[in-house]
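Notes follow the structure.
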Amino acid sequence: MASSETEPPPPHPSAKARRRSSAFIAAFVLLQFLIPLTYLTREDASDERFTWRSLTVSDAPSCETSASLERFDGQREDIPLKKLIHRDWLDYMQQDRRAVVDAFLRKQCEPDDVLQVELVNRCDDGRGTRAYNLRCGGERSHATARTATR
Amino acid sequence: MKPLERYWFGDVALARPYLVLRFVLALLAFDTWLNMIPQGAKYGVGAFNVAHFPWFGSFVPSASFYLGVLAFTGVLALSQALYRPHRIAIVLVAAGYTLGWTCSLLDSVPYHYLLSLYLVCFVFFPMLSARAAFSRSDQAPRGSVWAYVLFCVTTAIVYFYVAAWSASEGEPYWLPMLCCVGYLVASMQDRVELPALRMAAPFLVAAPVVFHLSASQQGWLPIYMIGIAAIVFAPVQWIHGLGRALTQPGRNLVEERTEGSGIDERASQVFYLSLLGLVVAPMISMFIDLPGVKTGCTLTAIAMLLVMGRQLYFTPRWRPLWRVASLFGGCLALWVTMAASNARFDYYHEGALDAHRRGDHDTAMMLREKADRYAP
């Protein structure tokens, strides 16, 4: 029978193992210090992922969001946001999460006959109204512009 | 050793990495099932998705994909908490869990990122048996566990940034900063050459407890952090005694089983029983009635086969059976959790409400029927 008293603890790491582990530790710790600092360079201030800026639950802003598209023949159509995507994505757009707004506008540009797409956020708080335009076509993935005033 | 090396490679009571690994894995399993599965109906709606990282491209995770990943992660995590963990399994849990939240911004809970960091640390933990961590009754076994120190430093960095951002906004920051210092100090408390730290560390547990109880925080973050703090800050005698008490039944069972002298002759029976168990365990998921869960549980059994590998043929003979038993435990726990909680109802109810809102009345009706079946 294997004695329950004899199973040894893990051995102390050798010098070589310590060097390898130290390199991993240094890289892992350095990354953890650097990643939250990327917040300072983010264009989108509402994007607080990986920063530890807040561990508490935040309230969703009270905004009204509408979207419309314009076809090449000049016809304008409202986009029924609530019927197209889940409510959580709408919340993100109301919070001005640029990644979500851009992705949504790009998706609306997928049909060939769409010229441009616009999304407007009207908020009750101090942020006022903001509009996002994307002109479809060659520059569709880069052309999102923030045209609103505060 | 240089001072910095002494910090990372100094001795730690083995009870701490043993308990913290199992505590986080077990809690993570129930967290994914009870808190994340009910959110699954959001996934794939309108074929729209934005992932956390651009390398996902235009991939749109469906509800069944998301639930499958959660079932896989949860069952594998719990099975590793129940029996001696395996490094490959921890890698798979880390990969599955991280895939689960990174595939969509729909999951932007900050502590899910923290748990992924923890799981990376766990990959480098020693895969201790209960006998190695608790067998010496007179004194707690110690050893060099740099990954545990890294785990503590990871936690300290989180509190450091919470404090730093609070300070930058003119808010009080002393409590999270005290938590940060506490973790850096407590990671060294088991070293015989630092008796003063051993005296001071247990009192510092008050800082994370107060911090997490004083403000409303997302999900189960307070449970994770208070539990982790209790393991990291508690005096070694307490944590050793707790660990011994918790693992006593398991150690007795394993020791009784290894007493038999005819184990080698039974090796082929163990082999076939293990294989049978791997096939039967995921079948429990047939009773769960959630999309993707059957696939998730089947993948867990395949992962377990990968983990066991050569153990199926070679000594110690009983180990494969314990691993299969832990897989059974994981699948069974998933079934009981789903049957005893509102998670299934919430999943179908939320799905029905969203489908109704979008005007998809057929889907709404189908989901509502399911929700009615599991209504509390």
Side-chain angles (χ1 to χ4, degrees), chain A residues 1-13 15 17-19 21-22 24-26 28-29 31-33 35-37 39-40 47-58 80-93 97-104 106-108 110, chain B residues 1 4-5 8-9 14 42-43 45-50 52 105-106 108 110-111 113-114 117 120-121 124 126 128-129 131-133 135-137 141-147 149-150 153-154 157-162 164-165 212 215-218 221 251 255 258-259 316 354 357-360:
Chain A
M1 173 191 163
S3 166
S4 62
E5 300 298 320
T6 55
E7 193 162 340
H12 260 270
R18 280 206 306 271
R19 272 198 303 277
S21 305
S22 299
F24 175 79
I25 291 166
F28 194 66
V29 170
L31 266 180
Q32 286 188 62
F33 268 108
I35 288 170
L37 291 178
Y39 179 75
L40 301 173
D47 182 3
E48 296 187 341
R49 291 172 303 152
F50 321 127
T51 62
W52 313 123
R53 279 183 63 80
S54 175
L55 300 176
T56 54
V57 183
S58 57
L81 284 170
K82 289 177 182 171
K83 294 200 171 206
L84 282 183
I85 53 173
H86 191 271
R87 192 183 50 199
D88 280 19
W89 292 121
L90 207 53
D91 291 343
Y92 274 126
M93 290 200 277
R97 283 294 286 274
R98 289 300 294 267
V100 179
V101 170
D102 289 353
F104 177 76
R106 279 198 298 271
K107 188 165 175 64
Q108 303 316 305
E110 279 173 2
Chain B
M1 279 198 286
L4 197 58
E5 279 196 337
W8 291 105
F9 299 103
L14 296 181
K42 299 173 184 174
Y43 286 73
V45 170
F48 180 73
N49 184 60
V50 183
H52 280 276
L105 280 178
L106 288 170
S108 289
Y111 80 82
Y113 167 52
L114 176 61
L117 293 177
V120 171
C121 295
F124 301 97
L128 295 166
S129 66
R131 287 190 299 168
S135 60
R136 291 156 183 78
S137 53
R142 294 163 209 265
S144 169
V145 187
W146 61 266
V149 182
L150 187 59
V153 170
T154 296
I157 292 171
V158 173
Y159 287 117
F160 169 79
Y161 270 107
V162 172
W165 295 122
H212 289 286
S216 166
Q217 293 170 348
Q218 282 185 309
L221 178 67
R251 281 183 294 137
E255 280 164 22
T258 53
E259 276 171 7
D354 181 65
R357 203 178 294 123
R358 288 182 292 106
D360 186 353

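The parts of Phe33(A) that come within reach of chain B are both its backbone and its side chain, each placing non-hydrogen atoms under 4.5 angstrom from that chain. Residue contact with chain B, scored on non-hydrogen atoms closer than 4.5 Å, involves the backbone and the side chain of Arg53(A) alike. Neither the backbone nor the side chain of Tyr159(B) comes within contact range of chain A; no heavy atoms are under 4.5 Å apart. At a 4.5 Å heavy-atom cutoff, Leu31(A) makes no contact with chain B through either its backbone or its side chain. There is no contact between Leu81(A) and chain B, counting heavy-atom distances below 4.5 Å. Contacts of Leu84(A) with chain B are made by backbone atoms alone, with heavy-atom separations under 4.5 Å and no side-chain atom involved. The contact between Phe124(B) and chain A is made entirely by side chain atoms (from C-beta outward), counting heavy-atom distances below 4.5 Å. For chain A, the nearby parts of Val158(B) are the backbone and the side chain; heavy atoms of each come within less than 4.5 Å. In this structure, chain A has heavy atoms under 4.5 Å from both the backbone and the side chain of Leu117(B). With a 4.5 Å cut-off on non-hydrogen atoms, Pro110(B) touches chain A through its backbone and its side chain both.
Using a distance-only test at 3.5 Å, with no hydrogens or angles considered, a donor-acceptor pair links the side chain of Trp165(B) to the main chain of Thr51(A). Formation of a donor-acceptor pair under 3.5 Å by the Arg18(A) side chain with backbone atoms of Glu5(B) is not found in this model.
Heavy-atom pairs under 4.5 Å with chain A were tallied for Phe160(B), Trp8(B), Tyr111(B); the largest tally goes to Trp8(B). Most heavy-atom pairs under 4.5 Å with chain A, from the set Ala215(B), Gly359(B), Ser108(B): that is Ser108(B). Note: Arg357(B) leads Arg357(B), His212(B), Arg142(B) in heavy-atom pairs under 4.5 Å with chain A. Most heavy-atom pairs under 4.5 Å with chain B: of the set Glu48(A), Arg87(A), Gln32(A), Arg97(A), this distinction falls to Gln32(A).
For the side chain to side chain contact (heavy atoms under 4.5 Å, CB included) with Asp88(A), the qualifying choice from Leu105(B), Val45(B), Leu106(B), Asp354(B) is Leu106(B), the only one to do so.
Here the CG atom belonging to Leu150(B) is positioned 10.0 Å from the OG atom belonging to Ser21(A), to the nearest 0.5 angstrom. Distance NE2/His86(A) to OH/Tyr43(B): 10.0 Å, rounded to 0.5 Å. How far NZ of Lys107(A) is from CG of Asn49(B): 10.0 Å, rounded to the nearest 0.5 Å. In this structure, CD1 in Ile157(B) is found 10.5 Å from CH2 in Trp52(A), a value given to the nearest 0.5 Å.
What you find for Arg358(B) and Lys82(A) is that their closest heavy atoms are CG-O, 3.1 Å.
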For Leu37(A) and Tyr161(B): C-alpha separation, side-chain torsions, deciding distance, then whether side-chain contact (heavy atoms from CB on, under 4.5 Å) applies.
CA-CA 9 Å; Leu37(A) 291 178; Tyr161(B) 270 107; 3.4 Å; yes
Between Phe28(A) and Val153(B), does a side-chain contact (heavy atoms from CB on, under 4.5 Å) hold up when you go through it step by step?
CA-CA 10 Å; Phe28(A) 194 66; Val153(B) 170; over 6 Å; no
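With contacts defined as side-chain heavy-atom distances shorter than 4.5 Å, the pair Phe24(A)/Val120(B) qualifies.
Using the six-membered ring where Trp is involved, Phe50(A) and Tyr113(B) have ring planes that are perpendicular, over 60° apart on the 30 and 60° scheme.
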